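Just below is one structure, and these are the notes that go with it.
A quick note: this is a predicted structure, and the numbers were derived from the prediction, not measured. Convention: sequence-line order gives letters A, B, ...; per-chain numbering from 1.
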Amino acid sequence: MAEVSSTILQRVAQGEASAVRECLDRFGGLVWSLARRLSYNETEAEDAVQEIFLDVWRSSGRYDPSIASETAFVAMIARRRLIDRRRRQGRRPTEQAIPEGAAVTTSLSGDRMERCEEADLAARALGELSEEQQRVLKLSVYHGLSHEKIARATGLPLGTVKTHARRGLMRIRERLAKDDAGNGQGGAS
Amino acid sequence: MSDALRLDRFSVLADVLLGGYEPEDGGEAEPLTARDLESIELAAAAIDLAFEDAPGVMPEAVRRRLEQSADAFMQEAARPAVVVRPGATGVMWGGWLAAAAVAVAASSLYVSRPASGPSGGTSIATIANAPDARAATWSDWSLNGDGPEVAGVTGEVVWSEQSQRGVMRFSDLPPLAEDEVYQVWIVDHRGLFDPSGQSARISGGVFSRETAQRDPETGLLVVPIDPGIEVQDAAAFAVTIEKPGGTWVSDMSRRVVIAQLKS
(Lines give C-alpha, C1' and ligand atoms only; values in the text may rest on other atoms or scores of the structure.)
Protein backbone atom coordinates (compact mmCIF):
# COMPACT_ATOMS: atom_id res chain seq x y z
CA MET A 1 0.00 0.00 0.00
CA ALA A 2 2.73 2.44 1.01
CA GLU A 3 4.76 1.50 -2.04
CA VAL A 4 1.88 2.37 -4.43
CA SER A 5 1.06 5.70 -2.78
CA SER A 6 4.70 6.76 -2.52
CA THR A 7 5.26 6.48 -6.26
CA ILE A 8 2.28 8.40 -7.65
CA LEU A 9 4.15 11.71 -7.86
CA GLN A 10 7.30 10.03 -9.14
CA ARG A 11 5.24 8.40 -11.87
CA VAL A 12 3.69 11.77 -12.74
CA ALA A 13 7.19 13.19 -13.06
CA GLN A 14 8.08 10.32 -15.38
CA GLY A 15 5.21 11.19 -17.66
CA GLU A 16 2.78 8.43 -16.79
CA ALA A 17 -0.64 9.67 -17.81
CA SER A 18 -2.53 7.31 -15.53
CA ALA A 19 -0.63 8.67 -12.55
CA VAL A 20 -2.01 12.15 -13.19
CA ARG A 21 -5.53 10.79 -12.78
CA GLU A 22 -4.49 8.70 -9.80
CA CYS A 23 -3.30 11.91 -8.21
CA LEU A 24 -6.84 13.23 -8.41
CA ASP A 25 -8.23 10.04 -6.90
CA ARG A 26 -5.71 9.93 -4.10
CA PHE A 27 -5.50 13.58 -3.11
CA GLY A 28 -8.65 15.15 -4.52
CA GLY A 29 -10.58 14.97 -1.27
CA LEU A 30 -7.73 16.43 0.77
CA VAL A 31 -7.11 19.28 -1.65
CA TRP A 32 -10.82 20.04 -1.86
CA SER A 33 -11.09 20.18 1.92
CA LEU A 34 -8.14 22.53 2.17
CA ALA A 35 -9.44 24.74 -0.62
CA ARG A 36 -12.93 24.98 0.88
CA ARG A 37 -11.54 25.82 4.27
CA LEU A 38 -8.98 28.41 3.17
CA SER A 39 -10.93 30.09 0.36
CA TYR A 40 -13.56 32.78 0.69
CA ASN A 41 -16.26 30.98 -1.19
CA GLU A 42 -16.90 27.86 -3.19
CA THR A 43 -16.20 29.49 -6.54
CA GLU A 44 -12.75 30.52 -5.38
CA ALA A 45 -12.19 27.08 -3.94
CA GLU A 46 -12.99 25.53 -7.31
CA ASP A 47 -10.49 27.80 -9.06
CA ALA A 48 -7.92 27.17 -6.37
CA VAL A 49 -8.18 23.42 -6.78
CA GLN A 50 -7.29 23.73 -10.46
CA GLU A 51 -4.22 25.81 -9.67
CA ILE A 52 -3.18 23.49 -6.86
CA PHE A 53 -3.21 20.34 -8.94
CA LEU A 54 -1.29 22.06 -11.72
CA ASP A 55 1.29 23.01 -9.10
CA VAL A 56 1.35 19.45 -7.80
CA TRP A 57 1.88 17.94 -11.25
CA ARG A 58 4.52 20.49 -12.14
CA SER A 59 6.28 19.98 -8.81
CA SER A 60 6.17 16.22 -9.01
CA GLY A 61 9.75 16.06 -10.22
CA ARG A 62 10.88 17.71 -7.02
CA TYR A 63 9.12 15.27 -4.72
CA ASP A 64 11.58 13.48 -2.48
CA PRO A 65 10.12 10.65 -0.36
CA SER A 66 13.06 10.93 2.02
CA ILE A 67 11.88 14.40 3.04
CA ALA A 68 8.11 14.03 3.29
CA SER A 69 5.20 11.74 2.57
CA GLU A 70 3.21 12.41 -0.58
CA THR A 71 0.23 13.49 1.49
CA ALA A 72 2.26 16.06 3.40
CA PHE A 73 3.93 17.26 0.20
CA VAL A 74 0.59 17.76 -1.55
CA ALA A 75 -0.85 19.49 1.51
CA MET A 76 2.16 21.79 1.58
CA ILE A 77 1.79 22.66 -2.11
CA ALA A 78 -1.94 23.24 -1.62
CA ARG A 79 -1.51 25.51 1.38
CA ARG A 80 1.21 27.44 -0.41
CA ARG A 81 -1.06 28.14 -3.37
CA LEU A 82 -4.04 29.01 -1.18
CA ILE A 83 -1.99 31.45 0.89
CA ASP A 84 -0.55 32.97 -2.30
CA ARG A 85 -4.06 33.42 -3.71
CA ARG A 86 -5.23 35.24 -0.62
CA ARG A 87 -2.22 37.51 -0.65
CA ARG A 88 -2.58 38.25 -4.34
CA GLN A 89 -6.20 39.10 -3.82
CA GLY A 90 -5.13 41.41 -1.04
CA ARG A 91 -7.71 40.08 1.33
CA ARG A 92 -7.54 38.44 4.68
CA PRO A 93 -10.31 36.34 6.23
CA THR A 94 -10.84 38.85 9.00
CA GLU A 95 -14.48 39.02 8.01
CA GLN A 96 -14.98 35.37 8.68
CA ALA A 97 -16.75 34.31 11.81
CA ILE A 98 -14.88 31.99 14.08
CA PRO A 99 -15.68 28.50 12.80
CA GLU A 100 -18.24 26.71 14.93
CA GLY A 101 -16.49 24.84 17.69
CA ALA A 102 -13.03 25.83 16.57
CA ALA A 103 -12.43 28.08 19.54
CA VAL A 104 -13.74 25.51 21.97
CA THR A 105 -12.35 22.18 21.01
CA THR A 106 -9.17 21.18 19.29
CA SER A 107 -10.23 17.62 18.41
CA LEU A 108 -7.01 15.75 18.07
CA SER A 109 -8.63 12.39 18.46
CA GLY A 110 -7.05 9.40 16.80
CA ASP A 111 -10.29 8.06 15.39
CA ARG A 112 -10.15 9.64 11.95
CA MET A 113 -8.92 9.01 8.45
CA GLU A 114 -5.64 7.23 8.01
CA ARG A 115 -3.01 9.84 8.60
CA CYS A 116 0.45 10.30 7.22
CA GLU A 117 3.41 10.12 9.53
CA GLU A 118 3.84 13.87 9.67
CA ALA A 119 0.26 14.33 10.86
CA ASP A 120 0.79 11.73 13.58
CA LEU A 121 3.95 13.44 14.77
CA ALA A 122 2.25 16.81 14.70
CA ALA A 123 -0.75 15.45 16.61
CA ARG A 124 1.48 14.06 19.34
CA ALA A 125 3.42 17.29 19.60
CA LEU A 126 0.22 19.32 19.65
CA GLY A 127 -1.13 17.12 22.41
CA GLU A 128 1.76 18.22 24.58
CA LEU A 129 0.76 21.86 24.26
CA SER A 130 -1.73 23.70 26.41
CA GLU A 131 -5.36 23.98 25.27
CA GLU A 132 -4.76 27.65 24.66
CA GLN A 133 -1.78 27.00 22.40
CA GLN A 134 -3.62 24.29 20.51
CA ARG A 135 -6.58 26.59 19.99
CA VAL A 136 -4.39 29.36 18.59
CA LEU A 137 -2.64 26.96 16.23
CA LYS A 138 -5.90 25.54 14.99
CA LEU A 139 -7.36 28.96 14.34
CA SER A 140 -4.16 30.22 12.72
CA VAL A 141 -2.95 27.27 10.70
CA TYR A 142 -6.07 25.17 10.15
CA HIS A 143 -8.59 27.98 9.74
CA GLY A 144 -6.19 30.59 8.40
CA LEU A 145 -7.39 33.38 10.61
CA SER A 146 -5.31 36.46 11.24
CA HIS A 147 -3.59 36.92 14.57
CA GLU A 148 -5.70 40.01 15.20
CA LYS A 149 -8.91 38.10 14.66
CA ILE A 150 -7.76 35.30 16.93
CA ALA A 151 -6.84 37.80 19.64
CA ARG A 152 -10.27 39.44 19.42
CA ALA A 153 -12.11 36.13 19.46
CA THR A 154 -10.16 34.51 22.26
CA GLY A 155 -9.47 37.56 24.37
CA LEU A 156 -5.77 36.78 24.34
CA PRO A 157 -3.27 39.59 23.90
CA LEU A 158 -2.03 39.86 20.32
CA GLY A 159 1.53 39.23 21.45
CA THR A 160 0.48 36.01 23.13
CA VAL A 161 -1.29 34.85 20.00
CA LYS A 162 1.79 35.55 17.92
CA THR A 163 4.03 33.74 20.37
CA HIS A 164 1.76 30.68 20.58
CA ALA A 165 1.50 30.47 16.79
CA ARG A 166 5.19 30.96 16.17
CA ARG A 167 6.41 28.63 18.88
CA GLY A 168 3.87 25.97 18.02
CA LEU A 169 4.90 25.97 14.38
CA MET A 170 8.59 25.89 15.28
CA ARG A 171 7.99 23.05 17.72
CA ILE A 172 6.33 20.92 15.08
CA ARG A 173 9.11 21.73 12.66
CA GLU A 174 11.73 20.63 15.16
CA ARG A 175 9.78 17.43 15.88
CA LEU A 176 9.62 16.55 12.20
CA ALA A 177 13.30 17.32 11.73
CA LYS A 178 14.19 15.25 14.78
CA ASP A 179 12.17 12.34 13.48
CA ASP A 180 13.91 12.58 10.12
CA ALA A 181 17.29 12.60 11.79
CA GLY A 182 16.39 9.69 14.01
CA ASN A 183 15.07 7.57 11.19
CA GLY A 184 17.76 8.60 8.77
CA GLN A 185 15.01 9.35 6.28
CA GLY A 186 11.78 11.30 5.93
CA GLY A 187 8.26 10.33 6.71
CA ALA A 188 7.09 8.65 3.55
CA SER A 189 3.72 7.05 4.17
CA MET B 1 25.50 32.60 11.07
CA SER B 2 25.03 32.24 14.83
CA ASP B 3 22.45 29.80 16.18
CA ALA B 4 20.56 32.68 17.79
CA LEU B 5 20.36 34.60 14.55
CA ARG B 6 19.36 31.47 12.64
CA LEU B 7 16.58 30.76 15.17
CA ASP B 8 15.44 34.35 14.93
CA ARG B 9 15.21 34.12 11.17
CA PHE B 10 13.26 30.87 11.37
CA SER B 11 10.85 32.58 13.74
CA VAL B 12 10.41 35.45 11.34
CA LEU B 13 9.75 32.98 8.53
CA ALA B 14 7.10 31.38 10.72
CA ASP B 15 5.47 34.77 11.23
CA VAL B 16 5.61 35.47 7.52
CA LEU B 17 4.00 32.11 6.71
CA LEU B 18 1.19 32.64 9.22
CA GLY B 19 0.69 36.20 8.08
CA GLY B 20 1.55 37.73 11.40
CA TYR B 21 4.81 39.41 10.51
CA GLU B 22 5.08 43.10 11.15
CA PRO B 23 8.24 44.98 10.14
CA GLU B 24 8.39 46.64 13.53
CA ASP B 25 8.78 43.21 15.10
CA GLY B 26 12.33 43.32 13.86
CA GLY B 27 14.35 40.51 12.39
CA GLU B 28 14.72 39.95 8.71
CA ALA B 29 12.18 38.41 6.41
CA GLU B 30 14.81 37.35 3.94
CA PRO B 31 14.54 33.60 3.52
CA LEU B 32 17.41 31.43 4.67
CA THR B 33 17.14 28.79 1.98
CA ALA B 34 14.30 27.23 0.05
CA ARG B 35 14.72 24.09 2.14
CA ASP B 36 14.37 26.12 5.36
CA LEU B 37 11.15 27.72 4.16
CA GLU B 38 9.84 24.38 3.03
CA SER B 39 10.53 22.87 6.44
CA ILE B 40 8.27 25.46 8.03
CA GLU B 41 5.64 25.03 5.35
CA LEU B 42 5.78 21.28 5.93
CA ALA B 43 5.27 21.80 9.64
CA ALA B 44 2.20 23.93 8.94
CA ALA B 45 0.88 21.24 6.58
CA ALA B 46 1.44 18.59 9.27
CA ILE B 47 -0.54 20.66 11.79
CA ASP B 48 -3.29 21.10 9.23
CA LEU B 49 -3.42 17.36 8.58
CA ALA B 50 -3.42 16.60 12.31
CA PHE B 51 -6.60 18.65 12.74
CA GLU B 52 -8.27 17.35 9.60
CA ASP B 53 -11.23 15.15 10.44
CA ALA B 54 -11.76 13.50 7.12
CA PRO B 55 -11.21 14.66 3.57
CA GLY B 56 -14.22 16.06 1.83
CA VAL B 57 -15.74 14.77 -1.36
CA MET B 58 -14.99 16.84 -4.41
CA PRO B 59 -18.08 17.88 -6.38
CA GLU B 60 -18.42 16.08 -9.68
CA ALA B 61 -18.26 19.31 -11.69
CA VAL B 62 -14.95 20.21 -10.06
CA ARG B 63 -13.62 16.74 -10.77
CA ARG B 64 -14.61 16.95 -14.43
CA ARG B 65 -12.90 20.30 -14.77
CA LEU B 66 -9.78 18.86 -13.17
CA GLU B 67 -9.81 15.96 -15.58
CA GLN B 68 -9.88 18.43 -18.45
CA SER B 69 -6.95 20.25 -16.88
CA ALA B 70 -5.16 16.93 -16.54
CA ASP B 71 -5.69 16.21 -20.23
CA ALA B 72 -4.44 19.66 -21.19
CA PHE B 73 -1.46 19.27 -18.88
CA MET B 74 -0.49 15.97 -20.42
CA GLN B 75 -0.82 17.38 -23.93
CA GLU B 76 1.30 20.35 -22.94
CA ALA B 77 3.92 18.11 -21.41
CA ALA B 78 4.11 16.11 -24.60
CA ARG B 79 5.08 19.20 -26.61
CA PRO B 80 8.76 19.73 -27.41
CA ALA B 81 10.10 21.53 -24.39
CA VAL B 82 12.53 24.39 -24.90
CA VAL B 83 14.52 23.90 -21.73
CA VAL B 84 15.70 20.31 -21.92
CA ARG B 85 19.07 18.77 -21.20
CA PRO B 86 19.97 15.13 -21.72
CA GLY B 87 19.87 13.30 -18.45
CA ALA B 88 18.58 16.32 -16.56
CA THR B 89 15.84 15.80 -14.04
CA GLY B 90 13.50 18.08 -12.19
CA VAL B 91 13.24 20.84 -14.77
CA MET B 92 10.51 23.05 -13.44
CA TRP B 93 8.39 23.31 -16.54
CA GLY B 94 8.09 20.55 -19.11
CA GLY B 95 9.86 18.27 -16.68
CA TRP B 96 8.43 15.08 -18.12
CA LEU B 97 10.76 15.30 -21.09
CA ALA B 98 13.82 16.15 -19.07
CA ALA B 99 15.37 12.77 -19.79
CA ALA B 100 15.24 13.25 -23.55
CA ALA B 101 17.16 15.80 -25.61
CA VAL B 102 14.87 17.67 -27.99
CA ALA B 103 16.36 19.81 -30.73
CA VAL B 104 14.26 22.85 -31.56
CA ALA B 105 15.13 24.80 -34.68
CA ALA B 106 15.66 28.48 -33.95
CA SER B 107 13.16 29.41 -36.62
CA SER B 108 10.40 27.44 -34.90
CA LEU B 109 11.20 28.29 -31.33
CA TYR B 110 8.16 28.16 -29.11
CA VAL B 111 7.54 29.25 -25.60
CA SER B 112 5.74 26.52 -23.75
CA ARG B 113 2.51 27.72 -22.21
CA PRO B 114 1.10 26.61 -18.88
CA ALA B 115 -1.43 23.83 -19.06
CA SER B 116 -4.14 26.06 -17.65
CA GLY B 117 -4.02 28.42 -20.59
CA PRO B 118 -5.01 27.97 -24.19
CA SER B 119 -2.87 25.66 -26.22
CA GLY B 120 -0.35 26.95 -28.73
CA GLY B 121 2.98 28.72 -28.43
CA THR B 122 4.06 32.30 -28.82
CA SER B 123 7.10 32.94 -30.95
CA ILE B 124 10.00 35.02 -29.75
CA ALA B 125 9.32 37.52 -32.51
CA THR B 126 5.73 37.89 -31.36
CA ILE B 127 6.86 38.78 -27.85
CA ALA B 128 9.46 41.26 -29.04
CA ASN B 129 6.99 42.94 -31.40
CA ALA B 130 4.10 43.10 -28.94
CA PRO B 131 2.68 46.62 -28.56
CA ASP B 132 3.41 46.65 -24.84
CA ALA B 133 6.82 44.98 -25.05
CA ARG B 134 9.44 46.58 -22.84
CA ALA B 135 13.13 45.84 -22.86
CA ALA B 136 15.93 46.23 -20.35
CA THR B 137 19.62 45.44 -20.51
CA TRP B 138 21.32 43.10 -18.09
CA SER B 139 23.83 44.36 -15.57
CA ASP B 140 25.92 42.59 -12.96
CA TRP B 141 23.79 41.92 -9.92
CA SER B 142 25.54 43.10 -6.80
CA LEU B 143 23.77 43.13 -3.45
CA ASN B 144 24.79 44.86 -0.26
CA GLY B 145 28.30 45.29 -1.53
CA ASP B 146 28.67 41.69 -2.66
CA GLY B 147 29.27 41.19 -6.36
CA PRO B 148 27.61 38.58 -8.53
CA GLU B 149 28.85 35.03 -8.68
CA VAL B 150 29.07 35.33 -12.42
CA ALA B 151 30.06 38.72 -13.78
CA GLY B 152 30.20 40.20 -17.23
CA VAL B 153 27.07 38.56 -18.70
CA THR B 154 25.49 40.97 -21.15
CA GLY B 155 22.30 41.05 -23.15
CA GLU B 156 18.72 42.08 -22.63
CA VAL B 157 15.31 40.93 -21.53
CA VAL B 158 12.04 41.71 -23.30
CA TRP B 159 8.70 41.37 -21.56
CA SER B 160 5.10 41.67 -22.69
CA GLU B 161 2.65 42.02 -19.82
CA GLN B 162 -0.33 41.46 -22.10
CA SER B 163 0.93 38.14 -23.34
CA GLN B 164 2.54 37.28 -19.99
CA ARG B 165 5.63 36.12 -21.85
CA GLY B 166 9.17 37.28 -22.17
CA VAL B 167 12.44 36.45 -23.77
CA MET B 168 16.01 36.78 -22.59
CA ARG B 169 19.01 37.26 -24.83
CA PHE B 170 22.56 36.73 -23.64
CA SER B 171 25.90 37.36 -25.28
CA ASP B 172 27.00 34.17 -23.61
CA LEU B 173 26.43 32.19 -20.45
CA PRO B 174 29.14 30.38 -18.54
CA PRO B 175 28.53 26.64 -18.41
CA LEU B 176 27.43 25.38 -15.03
CA ALA B 177 28.13 22.20 -13.13
CA GLU B 178 25.85 19.19 -13.58
CA ASP B 179 23.96 20.03 -10.39
CA GLU B 180 23.31 23.67 -11.22
CA VAL B 181 20.89 25.60 -13.38
CA TYR B 182 20.15 29.23 -14.05
CA GLN B 183 16.77 30.47 -12.86
CA VAL B 184 15.08 33.68 -13.89
CA TRP B 185 12.91 35.64 -11.48
CA ILE B 186 10.25 38.16 -12.33
CA VAL B 187 10.12 40.95 -9.77
CA ASP B 188 6.99 43.04 -9.49
CA HIS B 189 6.56 46.57 -8.20
CA ARG B 190 6.98 45.44 -4.57
CA GLY B 191 10.61 44.84 -5.22
CA LEU B 192 13.05 42.11 -4.33
CA PHE B 193 12.48 42.22 -0.60
CA ASP B 194 8.92 42.36 0.64
CA PRO B 195 8.75 42.13 4.46
CA SER B 196 5.06 41.32 4.35
CA GLY B 197 6.03 38.00 2.83
CA GLN B 198 3.94 38.45 -0.25
CA SER B 199 5.26 36.88 -3.41
CA ALA B 200 7.23 39.68 -5.02
CA ARG B 201 9.40 37.28 -7.04
CA ILE B 202 7.93 34.78 -9.45
CA SER B 203 9.99 32.14 -11.15
CA GLY B 204 10.10 32.42 -14.92
CA GLY B 205 11.77 29.05 -15.39
CA VAL B 206 15.15 27.38 -15.37
CA PHE B 207 17.68 27.15 -18.15
CA SER B 208 21.31 26.51 -18.94
CA ARG B 209 23.85 27.43 -21.57
CA GLU B 210 23.36 24.07 -23.22
CA THR B 211 19.59 24.32 -23.45
CA ALA B 212 19.47 27.92 -24.63
CA GLN B 213 19.00 28.38 -28.36
CA ARG B 214 21.63 30.20 -30.38
CA ASP B 215 20.19 32.76 -32.78
CA PRO B 216 22.00 32.07 -36.05
CA GLU B 217 21.76 35.72 -37.12
CA THR B 218 22.92 37.46 -34.00
CA GLY B 219 24.80 34.68 -32.28
CA LEU B 220 22.97 35.52 -29.06
CA LEU B 221 21.68 32.87 -26.69
CA VAL B 222 17.90 33.09 -26.52
CA VAL B 223 15.79 31.81 -23.64
CA PRO B 224 12.03 32.25 -23.24
CA ILE B 225 10.38 33.34 -19.98
CA ASP B 226 7.21 31.51 -19.07
CA PRO B 227 6.04 32.26 -15.54
CA GLY B 228 3.09 29.91 -15.54
CA ILE B 229 1.16 32.16 -13.17
CA GLU B 230 -0.05 35.68 -13.68
CA VAL B 231 2.51 38.42 -13.25
CA GLN B 232 1.22 41.83 -12.31
CA ASP B 233 3.30 44.90 -12.97
CA ALA B 234 6.62 43.25 -13.76
CA ALA B 235 9.31 45.70 -12.82
CA ALA B 236 12.57 43.78 -13.07
CA PHE B 237 14.11 40.46 -13.96
CA ALA B 238 16.91 38.71 -12.15
CA VAL B 239 18.89 35.53 -12.71
CA THR B 240 20.34 33.29 -10.03
CA ILE B 241 22.09 29.92 -9.96
CA GLU B 242 20.13 27.17 -8.25
CA LYS B 243 19.96 23.41 -7.90
CA PRO B 244 18.41 21.39 -10.74
CA GLY B 245 14.72 22.00 -11.04
CA GLY B 246 14.99 25.43 -9.52
CA THR B 247 13.55 26.57 -6.25
CA TRP B 248 10.40 28.21 -4.97
CA VAL B 249 12.30 30.80 -2.98
CA SER B 250 15.86 31.77 -3.71
CA ASP B 251 18.15 33.13 -1.04
CA MET B 252 19.72 35.11 -3.87
CA SER B 253 23.20 34.24 -2.74
CA ARG B 254 24.26 33.09 -6.21
CA ARG B 255 23.43 36.11 -8.30
CA VAL B 256 24.14 36.64 -11.95
CA VAL B 257 22.36 39.54 -13.65
CA ILE B 258 19.49 41.91 -13.07
CA ALA B 259 17.54 44.16 -15.43
CA GLN B 260 15.02 46.83 -14.49
CA LEU B 261 12.21 47.63 -16.88
CA LYS B 262 11.65 51.26 -17.61
CA SER B 263 8.19 52.32 -16.45
Rounded to the nearest 0.5 Å, what's the gap from [atom1] on [X] to [atom2] on [Y]? Could you check?
X	Y	atom1	atom2	answer
B:Ile40	A:Met76	CD1	CE	12.0 Å
B:Asp71	A:Arg21	CG	CZ	4.5 Å
B:Asp48	A:Glu118	CG	CD	13.0 Å
B:Ser39	A:Leu169	OG	CG	9.0 Å
B:Leu66	A:Cys23	CG	SG	10.0 Å

- Message: Taking A:Gln50's backbone N and O only, do any of them form a donor-acceptor pair with B:Ser69's side chain (distance below 3.5 Å, no angle check)?
- Response: no
- Message: Using heavy-atom distances under 4.5 Å, tell me whether B:Val62 contacts chain A through its side chain, its backbone, both, or neither.
- Response: both
- Output all residues satisfying salt bridge (Lys or Arg N to Asp or Glu O under 4.0 Å) with A:Glu42, sequence neighbours left out; order by chain, then residue number. A:Arg36
- Task: Show the numbers, then the answer: is there a side chain to side chain contact (heavy atoms under 4.5 Å, CB included) between A:Trp32 and B:Val57?
- Result: CA-CA 7 Å; A:Trp32 177 242; B:Val57 177; 5.9 Å; no
- Considering only NZ, NE, NH1 and NH2 on the basic side and carboxylate oxygens on the acidic side, decide whether A:Arg173 and B:Glu38 come within less than 4.0 Å. no
- Message: Tell me whether A:Arg80 is salt-bridged to B:Glu41, with the criterion being a basic N under 4.0 Å from an acidic carboxylate O.
- Response: yes
Can you see which heavy atom on [X] is nearest to which on [Y], and at what distance?
X	Y	answer
B:Ala45	A:Ala72	CB-O, 4.0 Å
B:Ala46	A:Ile172	CB-CG2, 4.3 Å
A:Ala122	B:Ala50	CB-CB, 4.1 Å

- Considering only heavy atoms, which portion of A:Leu24 lies under 4.5 Å from any heavy atom of chain B: side chain, backbone, both, or neither? both
- Contacting region of A:Asp64 [heavy-atom separation from chain B under 4.5 Å]: neither
- Message: Any heavy-atom pair between the side chains of A:His143 and B:Phe51 that's under 4.5 Å?
- Response: no
- Are any of the side-chain heavy atoms of A:Tyr142 and B:Ile47 separated by less than 4.5 Å? no
- Residue selection (most heavy-atom pairs with chain A, distance under 4.5 Å) from B:Met58, B:Glu67, B:Arg65: B:Arg65
- Task: Start with the C-alpha gap between B:Phe73 and A:Arg58, add the side-chain angles, then the distance that decides, and say whether side chain to side chain contact (heavy atoms under 4.5 Å, CB included) holds.
- Result: CA-CA 9 Å; B:Phe73 174 77; A:Arg58 286 169 174 163; 3.8 Å; yes
- Query: Which residue out of A:Asp47, A:Val161, A:Val31 racks up the most heavy-atom pairs below 4.5 Å with chain B?
  - Reply: A:Asp47
- Residues passing the side chain to side chain donor-acceptor pair (under 3.5 Å) test with B:Arg209, sequence neighbours excluded, are B:Asp172
- Item | side chain to side chain contact (heavy atoms under 4.5 Å, CB included) partner of B:Leu49, chosen from A:Leu30, A:Leu34, A:Asp120 | A:Leu30
